[in-house]
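Taking it in order: structure first as structure tokens, then the write-up.
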2 protein chains.
Amino acid sequence: MASTPLFRRIDVAPAYQKVADAIEREIINGRIKPGEPIGTEQQLVEQFGVNRSTVREGIRVLEEGGLIRRDSSRRLQACLPRYNKLATRLSRALILHEVTFRELFEASMTLEVASVEGAVERATEENIRELADNLARSAEVVERPAALAELDAEFHVLMAKASQNRVLQLAREPAAQLFFPTTEMIVGSVPEGGARLVEAHRHLLDAIRRRDKAAGVLWTRRHLQDWRRGFEKIASLDRSVEHTYMEHAYAARQ
Amino acid sequence: MASTPLFRRIDVAPAYQKVADAIEREIINGRIKPGEPIGTEQQLVEQFGVNRSTVREGIRVLEEGGLIRRDSSRRLQACLPRYNKLATRLSRALILHEVTFRELFEASMTLEVASVEGAVERATEENIRELADNLARSAEVVERPAALAELDAEFHVLMAKASQNRVLQLAREPAAQLFFPTTEMIVGSVPEGGARLVEAHRHLLDAIRRRDKAAGVLWTRRHLQDWRRGFEKIASLDRSVEHTYMEHAYAARQ
DNA sequence: TCTTATCAGTTTGTCGGACAAAGCTAGATT
DNA sequence: AATCTAGCTTTGTCCGACAAACTGATAAGA
């Protein structure tokens with residue numbers, strides 16, 4: 001057992017970091033609620049007693065972290081970090097770690113199955129309406145791979161939402177962001193690809209309506225296996241989610 | 001179909017954002033590899049033709065995003081975003097969204113089971129050694145909840161690593177960061193809690209060694225059910241992962 | 001020869017002040 | 001009352017400056 005230290009540890013974090021930390025603490029522990037204003041840069045300068053440049057560096061950190069944002073008039077306010085934005089960062093990290101489509105597929109299988117199970121158990125009328133609406137729109141664009149791929153991604157987001165489990169929602173998002181953009185290629189290259197996709201969605205929605213978990217899991221598996229078979233016609237599962245592919249997804253998102 | 005536009009869209013992003021985007025692009029598409037230097041602030045000032053303050057704001061954005069870091073001498077270099085740094089941000093987001101322990105538990109059950117399945121299939125000798133080492137250390141501190149809780153968290157990280165699936169590794173991390181800190185409280189408040197935990201780990205490692213997937217899944221379920229029963233003695237599963245709890249985890253991490 | 005001390009040059013973190021552009025406010029005008 | 005305008009505020013950017021920390025190399029000492 002060490003003796004009581006004479007001095008406390010010296011805090012050597014740079015000032016901009018301390019500014020960011022101080023504001024973060026206020027938001028995390030709820031003293032500043034999402035939507036509430038943080039104050040102007042000048043006010044922060046006065047409160048913290050540092051230069052405006054320093055405050056601004058701190059603000060950038062928090063902004064990137066998704067804890068604060070600027071409203072329409074560019075004033076600072078606290079906000080709820082959007083899963084989507086964070087997921088984008090994570091997807092980027094996955095790219096840089098050169099994960100393979102096999103890893104992506106395996107993880108997505110787990111996460112999507114869990115989503116469906118949750119959705120079958122807990123989907124609300126509202127959730128079902130949203131899914132039905134998506135299905136109707138999908139049926140209309142079954143011959144247009146780009147539009148269909150987008151609706152497919154949305155369908156699975158809605159499914160995760162219907163599970164009422166926000167942790168799951170967040171956990172599946174990064175993988176989904178990388179996984180689903182390939183749908184367009186696959187649907188386009190497999191005969192009847194679009195029709196099979198819509199049919200799978202129809203069965204999934206049906207399973208949720210009937211609260212039939214086994215059917216939900218079964219059709220999710222089939223749906224993803226379809227994706228996999230399609231993908232393997234185009235490329236190897238063991239190829240990494242490449243930079244070129246990222247550029248594609250990237251350009252499309254902008 | 002719209003006619004060809006006369007003008008291209010005007011880019012109105014602030015300069016610091018453009019600086020960040022430009023550097024990010026170079027890293028994402030691999031022209032700058034992880035570990036390579038970005039250059040000094042002065043060099044960036046010259047290359048981009050903007051002020052150093054502007055460059056520094058851009059740097060903060062990338063730093064927080066985990067794309068660049070400063071090495072021992074504070075020089076800038078590209079880096080692979082660390083999962084657990086990103087996961088920390090996600091955990092924070094989950095807190096702010098006031099997710100419940102029930103959501104956390106359900107999602108973790110899915111993710112940990114998937115980890116074990118992967119580990120049983122693909123764990124290397126090295127992975128098994130690490131797990132065995134962790135287990136040995138756990139057995140030594142079975143009576144000290146704080147130390148044991150830490151090793152428990154590590155055990156599950158190692159398990160995810162053994163699954164050889166980096167997507168899964170990343171997906172489970174945010175939930176785990178919120179989930180496992182409660183272990184300390186639970187182990188301390190349940191008689192034989194520590195012993196049960198170590199026993200579960202022993203069976204898990206054994207299942208991996210024998211490549212027995214069913215046993216791995218079974219003991220993972222038991223292990224987490226144990227957590228759940230313990231947790232319910234202390235608090236309701238439907239309580240949100242509260243700010244107070246976050247403060248606890250937060251203080252411990254500093 | 002090997003280690004240590006020194007010293008000048010870089011680089012980062014911070015500061016103060018400045019200014020144009022965009023937003024906001026409130027009084028003036030129709 | 002609705003609209004317009006002028007002034008104030010705030011943000012984004014720039015400039016120049018300086019102390020502290022770090023680098024690298026040279027000089028001094030064992």
Side-chain angles (χ1 to χ4, degrees), chain A residues 7-27 32 34-79 85 254, chain B residues 7-27 32 34-79 85 254:
Chain A
F7 301 105
R8 204 183 309 178
R9 179 173 195 149
I10 296 176
D11 188 358
V12 289
Y16 71 86
Q17 190 63 56
K18 289 195 198 168
V19 167
D21 288 347
I23 298 174
E24 171 176 339
R25 245 193 314 278
E26 296 302 293
I27 296 175
I32 302 176
E36 284 179 10
I38 307 293
T40 67
E41 293 179 5
Q42 187 53 41
Q43 286 172 324
L44 294 175
V45 164
E46 286 156 18
Q47 290 174 42
F48 289 114
V50 299
N51 190 269
R52 192 157 79 97
S53 305
T54 307
V55 166
R56 283 176 63 83
E57 288 189 39
I59 286 172
R60 292 297 156 252
V61 171
L62 293 172
E63 230 171 17
E64 178 63 14
L67 273 174
I68 68 178
R69 64 190 202 92
R70 313 196 91 110
D71 63 16
S72 59
S73 68
R74 298 196 168 160
R75 268 190 243 290
L76 295 167
Q77 60 176 220
C79 68
K85 183 184 173 189
Q254 300 290 336
Chain B
F7 301 106
R8 205 181 306 177
R9 183 177 187 144
I10 296 176
D11 190 356
V12 290
Y16 72 85
Q17 189 64 57
K18 290 195 199 167
V19 168
D21 289 347
I23 298 174
E24 170 175 340
R25 245 193 316 280
E26 295 303 293
I27 297 176
I32 302 176
E36 284 179 10
I38 308 294
T40 67
E41 295 180 3
Q42 187 52 40
Q43 287 171 324
L44 295 175
V45 164
E46 286 156 18
Q47 291 174 42
F48 290 114
V50 298
N51 192 268
R52 190 157 78 98
S53 305
T54 306
V55 166
R56 282 175 64 81
E57 288 189 38
I59 287 172
R60 292 297 157 250
V61 171
L62 293 172
E63 229 170 17
E64 177 65 14
L67 273 176
I68 68 179
R69 65 191 202 91
R70 314 196 90 111
D71 64 15
S72 60
S73 68
R74 298 195 174 161
R75 268 190 247 287
L76 295 168
Q77 61 176 220
C79 68
K85 183 185 174 188
Q254 299 289 335

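In this text, all values refer to a predicted model and were calculated from it rather than measured experimentally. Here is how names work: the chains are called A, B, and so on, in the same order as the sequence lines, proteins then strands, and each is numbered from 1.
Straight-line distance from the CD1 atom of B:Ile38 to the P atom of C:dT11: 15 Å, rounded to whole Å. Remark: C1' of C:dT10 and CD of B:Glu46 are 13 Å apart, rounded to the nearest angstrom.
When side chains are defined from C-beta on, B:Arg75 does not count as touching B:Pro37, because their heavy atoms never get closer than 4.5 Å.
No donor-acceptor contact under 3.5 angstrom links the side chains of B:Gln43 and B:Gln47, judged on distance only. If you check the side chains of B:Gln42 and B:Arg52, you find no donor sitting under 3.5 Å from an acceptor.
Annotation: the span from A:Leu67 atom CG to A:Ile59 atom CD1 amounts to 13.0 Å, rounded to 0.5 Å.
Here A:Glu64 does not pair with B:Arg60 in a salt bridge; the nearest charged N to carboxylate O distance is not below 4.0 Å. Ion pairing of A:Glu57 with B:Arg56 is present here, as a side-chain N (NZ or NE/NH1/NH2) and a carboxylate O approach within less than 4.0 Å.
Considering A:Val61, A:Val55, A:Leu62 in turn, A:Leu62 is the only one that fulfils the side-chain contact (heavy atoms from CB on, under 4.5 Å) rule with A:Ile23.
Chain B approaches DNA chain D within less than 4.0 angstrom (heavy atoms of the protein), and the contacting nucleotides run 5' to 3' from D:dG12 to D:dT23.
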What string of B, S and - do you get for nucleotides 13-19 of chain C 5' to 3' if you count protein non-hydrogen atoms under 4.0 Å? BBBB-B-

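Summarising the local packing, CZ of B:Arg70 is surrounded by more than 12 heavy atoms from other residues, nucleotides or ligands at distances under 6.0 Å.
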